[in-house]
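Start at 1 and go down the list; that is how both ligands and their atoms are numbered.
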Amino acid sequence: MSSKRGAPLRVAVLASGRGSNLQAVIDAIEAGQVQATIVAVISNKKDAVALERARKHGLPDIFVDPKPFTGRPDSREAYDRALLDVLTQRDAELVLLAGYMKIVTAVLVDAYANRMMNIHPSLLPSFPGLDVQKKAIDWGCKLAGCTVHFVTEGVDEGPIILQAAVPILDDDNPETLAARILRQEHIIYPRAVQLFAEGRLRVEGRLVRIEQGKPAGEALISPS
Ligand code: GAR
């Protein structure tokens with residue numbers, strides 16, 4: 001599950017909107033905190049801010065138009081096959097869904113089993129789906145948060161990699177809570193990518209085990 005030895009992990013990002021999680025990953029890579037390279041930023045929305053962010057950083061931005069696929073009985077699978085072609089061409093090793101608002105089909109899930117991550121703004125398995133910050137407030141939850149998980153066919157159901165929790169305050173509304181959660185998303189998503197890059201994520205059924213870093217050996221050999 002780790003990157004090809006020696007080379008930075010090749011990451012593709014699928015995003016539909018403003019792309020702040022994409023930005024967090026770009027920033028962490030540029031800061032040297034994540035050993036990866038972004039080989040494609042792909043969107044189903046021509047005007048996605050995420051694509052602009054990619055261009056600003058000199059990263060390949062790719063719009064894959066869903067229109068030619070609509071109306072076919074297999075439209076979602078056909079669209080995902082087009083995405084898979086791009087991912088294959090770019091030799092992407094890990095795919096990140098970052099505010100990607102289309103449901104991915106088995107075409108992508110199977111090709112990238114345990115190699116595709118999603119970030120979701122709730123403490124899964126509570127509140128999959130949409131409007132989850134409002135739902136957490138309406139339920140009277142005292143804690144909310146975000147989850148990075150591997151993607152399976154069930155929406156927001158895959159094995160959980162990392163979570164962060166935040167308090168829900170009495171005067172929160174969905175927007176203030178979403179902003180508090182988002183700050184944590186920007187921390188845990190890059191961290192999950194780095195764990196993957198280090199080959200430290202082991203999926204066992206629905207559990208993700210995080211292997212500890214290598215203990216220091218008896219001696220250091222330089223260069224290693
Ligand atoms: C993020 O809050 C992310 O967790 C959420 O969309 C937002 C995208 O923001 N994703 C989902 O709800 C997926 N189920 P961004 O475009 O600024 O990264």
What protein heavy atom lies closest to atom 16 (O) of ligand 1? Include the residue and the distance to one decimal. Gly19 N, 2.9 Å
Compute whether any side-chain donor of one residue and acceptor of the other, for His57 and Gln23, lie under 3.5 angstrom apart. yes
In terms of atom number and element, which parts of ligand 1 are under 4.0 angstrom from non-hydrogen atoms of Asp156? 14 (N)
Tell me whether Lys102 forms a cation-pi arrangement with Tyr79, defined as NZ or CZ under 6.0 Å from the six-membered ring centre and within 45 degrees of its axis. yes
Residue-ligand contact Pro121/ligand 1, heavy atom below 4.0 Å: yes
Between the side chain of Arg200 and the main-chain N/O of Glu211, is any donor-acceptor distance below 3.5 Å? yes
At less than 4.0 angstrom from any non-hydrogen atom of Gly99, what atoms of ligand 1 do you find? 6 (O), 8 (C)
Protein heavy atom at shortest distance from atom 7 (C) of ligand 1: Arg18 NH2, 4.0 Å
For atom 14 (N) of ligand 1, the closest protein heavy atom turns out to be His120 ND1, 3.0 Å
Assess whether a salt bridge exists between Asp131 and Lys135, defined as any Lys/Arg side-chain N lying under 4.0 Å from an Asp/Glu carboxylate O. no
Under a 3.5 Å distance rule, please check whether Ser122 uses its side chain to pair with a backbone N or O of Phe127 as donor and acceptor. yes
Can you find an N/O atom of Leu22 closer than 3.5 Å to an N/O atom of ligand 1? no
Measure the distance from atom 10 (N) of ligand 1 to every protein heavy atom, then report the residue, atom name and distance (to 0.1 Å) of the closest one. Ile119 O, 3.5 Å
Using a strict 4.0 Å cut-off to heavy atoms of Glu185, name the atoms of ligand 1 that fall inside it. 1 (C), 2 (O), 3 (C), 4 (O)
Only heavy atoms of Ser20, strictly under 4.0 Å: list the atoms of ligand 1 that pass. 15 (P), 16 (O), 17 (O), 18 (O)
Spell out, as yes or no, whether a donor-acceptor pair under 3.5 Å connects the side chain of Glu93 to the backbone of Arg10. yes
Backbone N/O of Gln35 and side chain of Gln194: donor-acceptor pair under 3.5 Å: yes
Can a non-hydrogen atom of Met101 be found less than 4.0 Å from any atom of ligand 1? yes
Counting both backbone and side chain atoms, is some N or O of Asn118 under 3.5 Å from an N or O of ligand 1? no
So, Arg53 side chain and Gly19 main chain: donor-acceptor pair closer than 3.5 Å or not? yes
